[in-house]
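Report on one structure; see the data block that follows.
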2 protein chains.
Amino acid sequence: MSKTKEVYLSDDVRKQNRLRIISQFRLHGKKSRTEISTLADLSAGTVTNVSTTLLDDGIIRVCEPEGAKQSSASHGRPRVQLELNPEYKFVVAGSLTFNSISLSMFDYLGDKVATVQEKVVLENMAGNEIAQIILSMIDGLGISATPSIFVLGVQGLTNNNGSEILWSPILSDSGMKFADHLSKQSKAEVIVANDSAMIARSLSKDKAYAEGTFAAVLMSYGIGLGLYIDGQPFKGAKSSASELGHISFKGSDGALCRCKKHGCVEAYASDYAIWRRAKQLDPNTLPENPVTSEDIANIIEEAKQGEGPAREAIREAGRAIGFGLAIMFGLFDAFPVVFVGRGAQALDLMQDDIKQSLDEHFRFHKQFDVAFAKSSDALIHVENGSSIVGLEWLDQQAAFGKS
Amino acid sequence: MSKTKEVYLSDDVRKQNRLRIISQFRLHGKKSRTEISTLADLSAGTVTNVSTTLLDDGIIRVCEPEGAKQSSASHGRPRVQLELNPEYKFVVAGSLTFNSISLSMFDYLGDKVATVQEKVVLENMAGNEIAQIILSMIDGLGISATPSIFVLGVQGLTNNNGSEILWSPILSDSGMKFADHLSKQSKAEVIVANDSAMIARSLSKDKAYAEGTFAAVLMSYGIGLGLYIDGQPFKGAKSSASELGHISFKGSDGALCRCKKHGCVEAYASDYAIWRRAKQLDPNTLPENPVTSEDIANIIEEAKQGEGPAREAIREAGRAIGFGLAIMFGLFDAFPVVFVGRGAQALDLMQDDIKQSLDEHFRFHKQFDVAFAKSSDALIHVENGSSIVGLEWLDQQAAFGKS
DNA sequence: CTCATTTAATTTAACCCTTAAAAAATTACA
DNA sequence: TGTAATTTTTTAAGGGTTAAATTAAATGAG
């Protein structure tokens, strides 16, 4: 595991091909050996050999012949469809927000087998308590399957490999260490990941973004950013997530941000910022209670009616986002952006301001085609992205073996 | 070539190991088979086999025994030192600036065998003219060796794979296409690269930055940025270089930048910006003549004497740089920064302002240890980085074979 | 001057993996 | 029932690696 040898040994070739074949099943679902041979560009003989070991190991299984989906040609020996064995192993994917934990169990085929949500304010909880809650939630599902891996999306910064939360606005110092406790108590792998990164991961499976270079911007309590560059999730040097929210939009005389600095993009574009401005409150105070989805929906409604504080709040959010994007595009080049989260519902209203701001601050704006889109519920994407991470981890384990 | 198969075939294993062994020679210089066996973690037998083919192909050669550097132990059969064959192939590495072309030829060992520089203003030249000049400069060296690859650093944007210049402040539209002409006329590979990226590449071989996460900031005519993340040169989505110079430091009422926008970091931190401010000229005009190294040296001298326009110009440059770094750190995490170029001579004077600006705009400043350093002549680093790129390309070719 | 000792490099034999080709299996259809 | 069609398995050949045995080359003691 720790030895990071590259492939230069026949044994590694074998494992590499194992993964290759598993990945084809992951990608295409039910397939016969012959089809896999074509897809994976391996000879029929190799596919037979590897399939045999995969069957023995319980990683794939033979599908019962479905009347409909027969072999393409009618003559000859019929193909035997194989697929990933759903019972092989299980993933728990989910997300932690400031006042709730939602978890879903997925089988190895990637189907959701159970889901559970609990309202808990995590702010003052210790790591072992959180781990305990998660475990009892899973217990409460009454499912015999034990998860082999937990993948949990959280707002904040995690380290590069997903083993540790470095900072999160929704957790105490002790709470941030829940992954350790969970891993010890469950004896399963635990990966913590930035929520926006998981959203991007989820979107990356979408045909529209399959090309693989795009950004997911999560507009809710903060302004999250998940980047995909050339089909690979982008990771910072030490930590998981790139930040859009704390780019300095206005100088130090700007509005107060949750991070205690002034003028951040978040201080203009997050839900509390929009709310604060729409309600014409002091830009140097933070609201005491969390802003709800309804609050934001109401403001959007109001803004649609015409000019006024609500409309102006959304304009300013657009300008801040546009500025943030301009800066990011300057560093990475421009690419499509998908907006997710409740703030994203205002995308139609913001779009012109975003573009204008981009135009003002990004030199190459006109040379690049920047496409915007908004997508559905953020939590679903976080969960979905997390499940993908979990399944890919299982695939790796299945291919390269345990220890 | 075009087929991008991964390693999953014994033949690929062979090639992989060939590269592995070549890389050890590249890294460590003269080594015996036994030593290579240890370094590359391959068996003695494999090293013998591969070495034989490498010798046959003229890629490595036997070193004449130097009296001094004998085998570590005195007993036993003495080791035969091998090394890369300097005559195997040659690289031309160099850089194009607005008024000069400098080229050096390197042998396969990485030793510089010749160098030539010519004053030419490239601004209005066509691509084929530039190619012609480069070729005749090489011709003029009177060296029998023909280069297999040209690697040239240029200010501006190149595409991801180094085949094309997308934009450069020093070249006309036709001039930007010189790589095509050069490649056709010389029948050699031609790679064009961003100058700052090459500087970073050069620095990456420095022990101090060998860890592999740092930024090179080139302060001269513009503000270039070369990034190394985790030992890998960072590339944008479509283009080569990340940009620090055109981050929006002040709004649209800021000073005029060469890119025709207002308020860019470059408009405060580049040599013309410093000069403009030190001379108390209109911040909305661009100087007609290029600012020289002497101009900048004089301003730095003046600033050292005490407060005044020169000192203030440098302060403002520091603030702009600090702002740019803060934004970059927000996206990538913080890491060491090396300043290169004539503006970097003012680092001592700027450092406090950079840090203060960072502190103001980067949330995690105090949690990260941001180290600054300045390095020697930019051109040398560009050339050096380019030669490294060229040699690595040759290594790849040597390992994986031509077609 | 010879020969045991020591270290380096090469050769050998065994093992693993892949592939192409041959063989076997399984079904449709005449 | 037999032939054609198609999928899957088996076989044999070929290539790569490694551990171990062998050969090569130099030192130094008797």
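So that the names make sense, note that chain A is the first sequence line, chain B the second, and so on, each numbered from 1.
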[X] has a side chain; which of [options] sits nearest to it?
X: A:R33; options: D:dT8, D:dT18, C:dT18; value: D:dT8
X: A:S32; options: D:dT8, C:dA9, C:dT10; value: D:dT8
X: A:P78; options: D:dT17, C:dT26, C:dT18; value: C:dT26
X: A:R77; options: C:dT10, C:dA25, D:dT9; value: C:dA25

Please give, in whole Å, the distance from [N] [atom2] to [X] [atom1]?
X: B:D41; N: D:dT17; atom1: CG; atom2: P; value: 13 Å
X: B:D12; N: C:dC17; atom1: CG; atom2: P; value: 16 Å
X: A:L55; N: D:dT8; atom1: CG; atom2: P; value: 12 Å
X: B:N49; N: C:dT12; atom1: CG; atom2: C1'; value: 11 Å
X: B:R79; N: D:dT27; atom1: CZ; atom2: P; value: 15 Å

A:T53 and A:D57: CA distance, side-chain angles, deciding distance, side-chain hydrogen bond (donor to acceptor under 3.5 Å, both in side chains) verdict: CA-CA 6 Å; A:T53 69; A:D57 295 347; 4.9 Å; no

Ring centers of B:F335, B:Y209 separated by less than 6.0 Å: no

Touch class at under 4.0 angstrom, heavy-atom based, for B:V80 against every strand present: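 Sugar-phosphate only.
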
Sugar-phosphate, base or nothing in reach of B:T34, heavy atoms under 4.0 Å: sugar-phosphate

D:dT18 phosphate, OP1 or OP2, under 4.0 Å from B:T46 side-chain N/O: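 For D:dT18, OP1/OP2 do have a side-chain N/O of B:T46 under 4.0 Å.
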
From CA spacing to verdict: side-chain hydrogen bond (donor to acceptor under 3.5 Å, both in side chains), B:Y88, B:D107: CA-CA 8 Å; B:Y88 173 56; B:D107 64 27; over 6 Å; no

Note: A:E392-A:R201 ion pair, threshold 4.0 Å (strictly below): yes

